2 protein chains.
Amino acid sequence: MSEAARFASRSGIADIEETAEFAPKFDAEGLIPAIAADAASGEVLMFAWMSAEALEATLSTGEAHFYSRSRRRLWKKGESSGEVLKVERVLTDCDQDVILLQVSPRGRGAACHTGRRSCFYRQVRRMNGGWRLEPMDAERLFDPAAVYGKSGKPA
Amino acid sequence: MSEAARFASRSGIADIEETAEFAPKFDAEGLIPAIAADAASGEVLMFAWMSAEALEATLSTGEAHFYSRSRRRLWKKGESSGEVLKVERVLTDCDQDVILLQVSPRGRGAACHTGRRSCFYRQVRRMNGGWRLEPMDAERLFDPAAVYGKSGKPA
């Protein structure tokens with residue numbers, strides 16, 4: 001997609017919180033934070049970043065697209081793992097500087113590249129006067145090395 | 001809180017995704033994205049940023065604290081509105097660069113400064129070939145002008 005995404009400009013909108021104009025705010029790197037939550041359970045599955053192109057692709061195709069800051073490119077969620085997120089609804093917040101996707105996970109239902117259902121599989125607990133992580137619902141639905149190769153990470 | 005928050009250093013942790021060490025990654029501005037979701041329903045209520053100090057304060061007090069980028073200061077959620085978020089669990093993601101708070105909203109149960117239950121009260125819809133916002137569960141539980149004064153925003 002070479003054409004720039006087209007959303008409303010924020011200048012000239014008197015009240016960004018109440019307007020029906022969709023004028024998402026991208027940061028200095030041209031990115032906006034995006035949360036994906038399960039449309040049925042509400043559970044937060046992952047967090048990533050979107051460029052205008054990723055947001056436009058998500059809205060147009062109904063499948064979640066993000067921008068990978070490490071790989072510096074548009075990325076369709078599930079392009080190598082098959083773990084596509086079908087988008088049921090796209091919401092934005094009061095300031096229009098965050099995107100919330102309500103999704104139905106496809107594939108094995110593992111949104112996390114580690115093979116878990118959600119990326120949020122550890123909770124912070126006080127232990128011996130410090131903060132430690134404790135697994136929570138951390139079962140793997142796939143083996144990352146089998147899906148992504150030796151690195152266990154998307155290429 | 002003048003003392004620096006103490007979390008594990010990321011250097012020397014072989015596998016950040018599987019470790020029990022809590023080594024959150026703060027960005028160049030010293031901030032980490034934080035999502036607050038309702039502990040009972042799973043619903044995403046708001047998104048904000050945390051400094052190490054805000055994260056430490058949240059963990060220590062059990063009430064959500066954030067860092068306001070516009071006001072450039074630590075901010076206890078609900079300090080002026082009374083809409084405190086009691087923190088039931090603090091989770092982090094695979095990369096430890098996002099925080100998820102599972103919370104029980106206090107006060108009137110309006111996490112959004114506009115008086116709504118959630119900041120995500122509008123969905124993006126295709127209309128006349130463009131993208132527009134449509135209200136969704138946008139009822140106000142309080143009047144922002146009555147709570148924050150004329151500006152309708154936290155000072």
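Everything numeric in this text was worked out from a predicted model, so none of it was measured. Here is the naming used below: chain letters follow the sequence lines, and residue numbers restart at 1 for every chain. Quick note: numbers below take in every heavy atom, side chains included, and nothing from hydrogens, waters or symmetry partners.
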Write out, in numerical order, the residues from residues 112-122 of chain B with a heavy atom short of 4.5 Å from a heavy atom in chain A.
B:Cys112, B:His113, B:Thr114, B:Arg116, B:Cys119, B:Phe120, B:Tyr121, B:Arg122
dist B:Asp95:CG -> A:Met46:CE (nearest 0.5 Å) comes out at 10.0 Å
Co-membership, hydrophobic cluster, residues A:Trp75 and A:Trp49, 4.5 Å side-chain:
no
Anything in residues 18-25 of chain B with a heavy-atom distance to chain A below 4.5 Å? Please list those residues in order.
B:Glu18, B:Thr19, B:Ala20, B:Glu21, B:Phe22
Please identify, among A:Asp38, A:Leu59, A:Val44, A:Ile35, the residue contributing the most non-hydrogen atom pairs under 4.5 Å to chain B.
A:Leu59
Say whether A:Leu91 and A:Leu101 are linked into one hydrophobic cluster, either directly or through other cluster members, by side-chain heavy-atom distances under 4.5 angstrom.
no
B:Leu45 reachable from B:Val84 in the ILVMFWY side-chain graph, under 4.5 Å edges
no
Would you compute the distance between atom CD of A:Gln123 and atom CG of B:Leu100 and round it to the nearest 0.5 angstrom?
10.5 Å
Taking every non-hydrogen pair under 4.5 Å, which of B:Cys94, B:Ala37, B:Gly42 racks up the most with chain A?
B:Cys94
From B:Trp131 atom CH2 to A:Leu55 atom CG, the distance as rounded to the nearest 0.5 Å
9.0 Å
In terms of heavy-atom pairs under 4.5 Å with chain B, the winner among A:Arg125, A:Gln96, A:Glu43 is A:Gln96
A:Arg72 atom CZ, over 12 foreign heavy atoms within 6.0 Å
no
Cluster overlap A:Tyr67 with A:Ile32, hydrophobic side-chain contacts below 4.5 Å:
no
Are B:Leu141 and B:Leu85 linked, directly or through intermediate hydrophobic residues, by side-chain heavy-atom contacts shorter than 4.5 Å (ILVMFWY only)?
no
Check against side chain to side chain contact (heavy atoms under 4.5 Å, CB included), B:Met136 and A:Arg89:
CA-CA 11 Å; B:Met136 249 185 93; A:Arg89 275 175 297 278; 3.8 Å; yes
